[in-house]
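Inspection log for the structure reproduced underneath, given as structure tokens.
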Amino acid sequence: SAALLAYRAPGQVYDIAPVISEGLSAIAIERNLRPFLELLYPELRRAGLSAAPACLVRQGRVAVADKVGSLLGARIAVILIGERPGLSSPDSMGIYLTFNPHPGITDERRNCISNVRPEGMPCGAAVSKLMYLIRGSLRLGLSGVALKDEQEPDDALLEEGRGGMELPS
């Protein structure tokens with residue numbers, strides 16, 4: 001798999017390497033992935049950002065995105081992962097963003113958006129927050145505790161119905 005990921009056109013650089021894993025909750029990905037991506041990909045295009053083909057990782061953990069992002073030559077790795085099921089929220093999806101992904105990165109260099117689900121943080125709000133963090137990360141050249149979330153909500157993105165099914169082929 002690593003050899004396939006590392007093979008790309010000479011000079012090909014992606015802004016975002018999306019990684020998807022069921023992590024500790026397959027139902028979180030089953031319920032939240034499609035509505036989230038339906039909102040995310042149009043926003044990435046509007047921002048002029050390129051996304052590598054999404055990588056699916058079975059039984060992955062957060063740090064696998066660092067390796068995937070590094071192999072793809074991406075500026076930022078974003079993993080969408082099923083969170084540990086809680087007593088009342090077995091369907092929570094987490095999102096972790098890492099600037100300049102590579103093996104060995106520790107948690108303080110990642111930003112986390114947690115509890116993405118209709119009864120927690122709706123997909124529109126999560127996309128708005130992720131886009132804010134992506135823009136800040138690219139502007140400042142960092143992620144994690146040094147990248148503060150001081151955004152004002154994007155009311156247009158908070159509406160769950162925005163956008164159509166515009167997933168990349």
Side-chain angles (χ1 to χ4, degrees), residues 1-21 23 29 32-57 60-82 93-114 116 121-154 156-158 162-169:
S1 296
L4 289 173
L5 289 175
Y7 179 78
R8 59 186 181 277
Q12 174 68 58
V13 175
Y14 295 107
D15 294 309
I16 309 297
V19 180
I20 301 160
S21 180
I29 296 302
N32 299 298
L33 180 65
R34 184 181 177 117
F36 182 83
L37 293 180
E38 286 176 340
L39 296 171
L40 177 63
Y41 279 109
E43 292 303 318
L44 290 172
R45 281 193 288 279
R46 274 191 268 290
L49 298 173
S50 63
C55 294
L56 306 176
V57 178
R61 296 297 181 260
V62 172
V64 74
D66 301 332
K67 175 86 173 187
V68 171
S70 177
L71 289 168
L72 288 170
R75 296 168 68 194
I76 293 176
V78 173
I79 186 167
L80 311 172
I81 192 164
M93 183 174 73
I95 304 164
Y96 292 81
L97 172 147
T98 307
F99 181 80
N100 188 23
H102 57 276
I105 288 180
T106 52
D107 288 342
E108 83 280 352
R109 301 247 334 261
R110 296 185 184 98
N111 291 87
C112 176
I113 301 169
S114 187
V116 178
M121 179 180 289
C123 287
V127 167
S128 177
K129 184 175 290 292
L130 179 60
M131 291 303 299
Y132 173 86
L133 291 171
I134 287 171
R135 285 195 270 299
S137 182
L138 291 171
R139 185 178 68 252
L140 300 171
L142 50 81
S143 60
V145 297
L147 179 60
K148 304 299 180 199
D149 180 1
E150 299 171 347
Q151 84 173 99
E152 295 295 323
D154 180 343
L157 266 180
L158 294 177
R162 180 169 176 186
M165 184 60 180
E166 298 181 43
L167 299 179
S169 52

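Start at 1 with the first residue, then count along the sequence.
- Atom SG of Cys123 and atom CG of Asn32 lie 5.0 Å apart (nearest 0.5 Å).
- Leu142 is linked by a side chain to side chain contact (heavy atoms under 4.5 Å, CB included) to Leu140, Ala146, Leu147, counting only residues two or more places apart in sequence or in another chain.
- Partners of Pro53 under the side chain to side chain contact (heavy atoms under 4.5 Å, CB included) rule, at least two apart in sequence or in another chain, are Tyr14.
- For the atom pair CE of Met93 and CD1 of Ile79, the computed distance is 11.0 Å after rounding to the nearest 0.5 Å.
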Stepwise side-chain contact (heavy atoms from CB on, under 4.5 Å) test for Cys112 and Ile95: CA-CA 6 Å; Cys112 176; Ile95 304 164; over 6 Å; no
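- Partners of Asp15 by side chain to side chain contact (heavy atoms under 4.5 Å, CB included), not counting sequence neighbours, listed by chain and number: Leu49, Ser50, Arg75.
- Among Val78, Leu133, Leu130, the single residue meeting the side-chain contact (heavy atoms from CB on, under 4.5 Å) criterion with Asn111 is Leu133.
- Considering every non-hydrogen atom in both Leu72 and Ala52, the closest pair reads CD1-CB, 3.8 Å.
- Not counting sequence neighbours, the partners of Thr106 by the side-chain hydrogen bond (donor to acceptor under 3.5 Å, both in side chains) test are Glu108.
- In this view, Val57 and Val19, Ser21, Val64 satisfy the side chain to side chain contact (heavy atoms under 4.5 Å, CB included) rule, not counting sequence neighbours.
- Taking each heavy atom of Ala77 and Ala65 in turn, the nearest pair found is CB-O, 3.4 Å.
- Met121 approaches Ala125 most closely through the heavy-atom pair CG-CB, 3.8 Å.
- Taking CD of Glu38 as the reference point, atom CG of Leu33 lies at 9.5 Å (rounded to 0.5 Å).
- A donor-acceptor pair under 3.5 Å is formed between the side chain of Arg110 and the backbone N or O of Ile105.
- Across every non-hydrogen atom of Leu80 and Ile29, the tightest pair is O-CD1, 3.8 Å.
- With sequence neighbours left out, the salt bridge (charged side-chain N to carboxylate O under 4.0 Å, His left out) criterion links Arg109 to no other residue.
- Annotation: side chain to side chain donor-acceptor pair (under 3.5 Å) contacts involving residues 93-104, sequence neighbours excluded, comprise Asp66-Thr98.
- Using a 4.5 Å cut-off on side-chain heavy atoms (C-beta onward), Pro18 and Cys55 make no contact.
- With rounding to the nearest 0.5 angstrom, the OG atom of Ser137 is 3.5 Å from the CD1 atom of Ile76.
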